[in-house]
Amino acid sequence: MDSCKLTTMKQFCKVILGIVLPLGLALQPVCRAEDAIVVSEGTRLKLQLNENLSTKENQEGDSFTAYVIESVYQGDQVVIPKASMVSGSISRITRPGRFKGKAVMHLLFQYIQIPGREKVSILASLVRIDADADIDAEGRLGGKGSTQKDLGKVIAPGLAGAGVGTIAGGGKGAGIGAGVGTGIGLANVFWTRGEDLELHRGSTVDISLEQALKIPVKSSR
């Protein structure tokens with residue numbers, strides 16, 4: 001091979017290397033991305049609680065777990081299988097007050113453990129629960145108010161007192177009896193709390209991912 005052809009071949013190899021090497025470097029991040037499955041923000045997970053939770057028995061910081069009861073798919077692929085475990089903790093508890101004030105509980109969903117994979121942190125909020133509770137925009141649970149029941153506790157003794165007063169002393173007696181009965185009813189209300197918020201084991205909840213979840217493809221074993 002003469003020197004001219006050899007020089008031309010060397011120049012051609014340099015051109016090829018100049019194209020292939022940057023292309024290979026550019027493809028590396030794509031390969032690394034394939035090591036994780038990405039579940040998009042806004043995906044909902046349906047869970048079932050493993051413990052009883054209540055504003056009366058629990059304290060802030062108590063942990064809890066729940067299992068995924070419906071697999072999550074991307075196309076035909078299962079990305080979060082049924083029986084995956086979600087763990088979290090109670091970040092806030094407020095017991096109901098006397099005469100006014102609702103029970104409040106805030107649940108944090110912090111990790112998900114997919115069988116055969118390592119535990120992964122999640123950021124999710126509560127969007128639905130099959131319990132007698134309200135959910136605000138930040139995912140906090142609020143118990144039902146007890147105003148109607150409290151009014152009943154006040155009115156019923158007042159009416160009973162008025163009846164007794166009428167029998168004993170006519171109209172004047174009715175007024176006195178009603179006042180005494182109402183006072184007894186108010187005392188009962190102020191000495192008792194409203195209804196605590198209770199979530200029973202087996203209750204189902206829906207959570208929504210607030211940011212994309214990256215699940216490692218490699219097994220944790």
Between NE2 of H106 and CD1 of I135, what distance do you get to the nearest 0.5 Å? 10.5 Å
Exactly one of L45, I207, I215, L209 should register a side chain to side chain contact (heavy atoms under 4.5 Å, CB included) with I112. Which one does? L45
Are I80 and Y67 joined in one hydrophobic group, where the rule is that I, L, V, M, F, W and Y side chains link up if heavy atoms are under 4.5 Å apart? no
Compute whether any side-chain donor of one residue and acceptor of the other, for D130 and T204, lie under 3.5 angstrom apart. yes
Same cluster for F64 and V104 if Ile/Leu/Val/Met/Phe/Trp/Tyr side chains link at under 4.5 Å? no
What I'd like to find out is whether the side chain of L49 reaches to under 4.5 Å of the side chain of S203, using heavy atoms alone. yes
State, with a plain yes or no, whether a side-chain heavy atom of K119 is found less than 4.5 Å away from one of M85. no
At what distance, to the nearest 0.5 angstrom, does OG of S87 lie from CD of Q113? 8.5 Å
Can you tell me how far the CD atom of Q59 sits from the CD1 atom of I93, to the nearest 0.5 Å? 7.5 Å
Working for side chain to side chain contact (heavy atoms under 4.5 Å, CB included), residues L213 and T43: CA-CA 9 Å; L213 172 63; T43 299; over 6 Å; no
Roughly how far, to the nearest 0.5 Å, is the CD atom of Q110 from the OG atom of S91? 8.5 Å
Please find the pair of heavy atoms, one from G143 and one from L197, that lie closest to each other, and give the distance. CA-CD1, 4.1 Å
Verify side chain to side chain contact (heavy atoms under 4.5 Å, CB included) between I90 and L107, making sure each step is shown before the conclusion. CA-CA 5 Å; I90 301 173; L107 304 180; 3.9 Å; yes
Beyond-backbone contact of P216 with D35, side-chain heavy atoms, under 4.5 angstrom: no
Over 12 non-hydrogen atoms of neighbours within 6.0 angstrom of CZ in R201: no
Taking the side chain as every heavy atom from C-beta outward, state whether P81 and P115 have any atom pair closer than 4.5 Å. yes
Is there a path from I122 to V217 through hydrophobic residues (I, L, V, M, F, W, Y) whose side chains come within less than 4.5 Å of each other? yes
Could you grab the distance from atom CE of M105 to atom CG of N58, nearest 0.5 Å is fine? 6.0 Å
Could you please spell out the steps behind the side chain to side chain contact (heavy atoms under 4.5 Å, CB included) verdict for T94 and T55? CA-CA 7 Å; T94 303; T55 53; over 6 Å; no
So, using side-chain hydrogen bond (donor to acceptor under 3.5 Å, both in side chains) as the criterion, who are the partners of T65 when residues are at least two apart? N50, E51
Given side chain to side chain contact (heavy atoms under 4.5 Å, CB included), test V68 with L47 step by step and report yes or no. CA-CA 5 Å; V68 176; L47 313 176; 3.7 Å; yes
In Å, rounded to the nearest 0.5 Å, how long is the span from CG of L108 to OG of S125? 10.5 Å
Tell me, do L199 and V205 make a side-chain contact under 4.5 Å, heavy atoms counted? no
Quick one: are N52 and E57 in side-chain contact, heavy atoms under 4.5 Å? no
Heavy-atom closest contact (S40 atom, Q74 atom, distance): N-NE2, 4.3 Å
